[in-house]
Amino acid sequence: MSDFETIQVEQEQKVARVWLNRPDVRNAFNEQMIAELTEAFSAIDKDSSSKVMVLSGRGSAFCAGADLNWMRKMSGYSFDENCADASRLALMLRTLYEMKKPTIACVNGHAFAGGMGLVSACDIAVSVDSALFCLSETKLGLIPATIGPYVFSAVGRRAATRYMVSAERFDAIEAKRIGLVHEAVSDSQVQSTVDSILENILLGGTNAHRETKSLIDLIDRSMFSDVLINETATRIARVRASEEGKEGIQSFLEKRKPNWIDSN
């Protein structure tokens, strides 16, 4: 596996651990992290030495969503450039979601926007009870498009609608109530909780895990068709390239209110 700059990959017995490793920016995404995660997820899934993967973040946050410098670059992209950029994020999330091995999100801190997409795309999620969650896109004049299918699948239409539209922050207790995470525990308990789940997973057969995930995918396949995944990338590209999308990102970067708040 390649040497990475924005993530760390560790192998511990039969467990592959992937760490988001940009703690100085709260593990926010940029193009490099997206590419490295895609490569790591694909490689781990093909590696017979691991049976399960755990995804977590270094530092105090799980993932803050998009990196500010990446957002600044996106604000100047054309529609076609936005399509290509969004497609890379969509591919990374799909690669994670379609891994044949069980995946666990160990949510060590706040998970915003794309960070919620990572949590939703994992099979199992355990969170510290101090974590906050937010689908913040509409406050920036954007939409949670590429992460949308995974969030929708995790929490259902009613909860997805509320938090996608309102962009409210909510805590780990609410995240557990709506099904985004399975457990919300204290910081001192999070590792033992993950270890307990791992212990049970490791008792299962590798082929049985693969076939079980395939069965689940068969039952729920319509949510993740090629048409839908491509459409999510196209829609976020269209919104990013719109006047409102550009204004939303620019106002966020300039730390001011977007013009639609002043005009309403």
Interatomic spacing from [atom1] in [X] to [atom2] in [Y] - rounded to 0.5 Å:
{"X": "R26", "Y": "H110", "atom1": "CZ", "atom2": "NE2", "value": "7.5 Å"}
{"X": "L140", "Y": "S75", "atom1": "CG", "atom2": "OG", "value": "12.0 Å"}
{"X": "S127", "Y": "H182", "atom1": "OG", "atom2": "NE2", "value": "12.5 Å"}

Less than 4.5 Å apart, any side-chain heavy atom of [X] and any of [Y]?
{"X": "I124", "Y": "P102", "result": "no"}
{"X": "L202", "Y": "V15", "result": "yes"}
{"X": "E174", "Y": "R177", "result": "yes"}
{"X": "L135", "Y": "I147", "result": "yes"}
{"X": "L180", "Y": "F170", "result": "yes"}
{"X": "F112", "Y": "L132", "result": "yes"}
{"X": "V151", "Y": "P144", "result": "no"}
{"X": "M33", "Y": "N30", "result": "yes"}

Examine distances only and state if a side-chain atom of [X] and a backbone atom of [Y] form a donor-acceptor pair shorter than 3.5 Å.
{"X": "S214", "Y": "R210", "value": "no"}
{"X": "T212", "Y": "A208", "value": "yes"}
{"X": "S242", "Y": "V239", "value": "yes"}
{"X": "T38", "Y": "I34", "value": "yes"}
{"X": "K51", "Y": "G204", "value": "yes"}

ILVMFWY network linking [X] to [Y], side-chain heavy atoms under 4.5 angstrom:
{"X": "L96", "Y": "M116", "value": "yes"}
{"X": "V25", "Y": "M92", "value": "no"}
{"X": "F29", "Y": "F133", "value": "yes"}
{"X": "M71", "Y": "L118", "value": "yes"}
{"X": "M164", "Y": "I229", "value": "yes"}

Regarding T193 and E183, is there a side-chain donor-to-acceptor distance under 3.5 Å anywhere?
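No.
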Cut-off 3.5 Å, side chains only: do D47 and S49 have a donor facing an acceptor?
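Their side chains do contain a donor-acceptor pair, which is all the 3.5 Å distance test asks for.
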Write down the atom of [X], the atom of [Y], and the distance for their closest heavy-atom approach.
{"X": "C134", "Y": "A167", "answer": "SG-O, 3.3 Å"}
{"X": "A233", "Y": "A86", "answer": "O-CB, 3.7 Å"}
{"X": "C106", "Y": "V190", "answer": "SG-CG2, 3.9 Å"}

Using the side chain to side chain contact (heavy atoms under 4.5 Å, CB included) rule, take R240 and L142 through it: C-alpha gap first, then chi angles, then the decisive distance, then the call.
CA-CA 6 Å; R240 281 185 192 170; L142 302 176; 4.0 Å; yes
Step by step, would you call D187 with S130 a side chain to side chain contact (heavy atoms under 4.5 Å, CB included)?
CA-CA 8 Å; D187 187 66; S130 58; 5.9 Å; no
Any Lys/Arg nitrogen of [X] or [Y] sitting under 4.0 Å from an Asp/Glu carboxylate oxygen of the other?
{"X": "D226", "Y": "R94", "answer": "yes"}
{"X": "D85", "Y": "K73", "answer": "no"}
{"X": "R88", "Y": "E31", "answer": "no"}

Step by step, would you call D45 with K101 a side chain to side chain contact (heavy atoms under 4.5 Å, CB included)?
CA-CA 6 Å; D45 209 28; K101 298 175 180 179; 3.6 Å; yes
In short, side chain to side chain donor-acceptor pair (under 3.5 Å) pairs touching residues 137-146 with sequence neighbours left out are none
[X] [atom1]: over 12 foreign heavy atoms closer than 6.0 Å:
{"X": "Q13", "atom1": "CD", "result": "no"}
{"X": "R256", "atom1": "CZ", "result": "yes"}
{"X": "K213", "atom1": "NZ", "result": "yes"}
{"X": "E5", "atom1": "CD", "result": "no"}

Step by step, work out the side chain to side chain contact (heavy atoms under 4.5 Å, CB included) result for Q32 and E36.
CA-CA 6 Å; Q32 185 175 3; E36 290 184 353; 3.0 Å; yes
Could you please spell out the steps behind the side-chain hydrogen bond (donor to acceptor under 3.5 Å, both in side chains) verdict for T103 and D123?
CA-CA 5 Å; T103 57; D123 299 320; 3.2 Å; yes
Check: residues 58-67 side-chain donor-acceptor pairs under 3.5 Å, at least two apart:
residue : atom : partner : partner atom : Å
R58     : NE   : Q8      : OE1          : 2.8
R58     : NH2  : Q8      : OE1          : 2.8
R58     : NH2  : E10     : OE2          : 3.1
D67     : OD1  : R22     : NH1          : 3.4
D67     : OD2  : N69     : N            : 2.9
D67     : OD2  : W70     : N            : 3.1

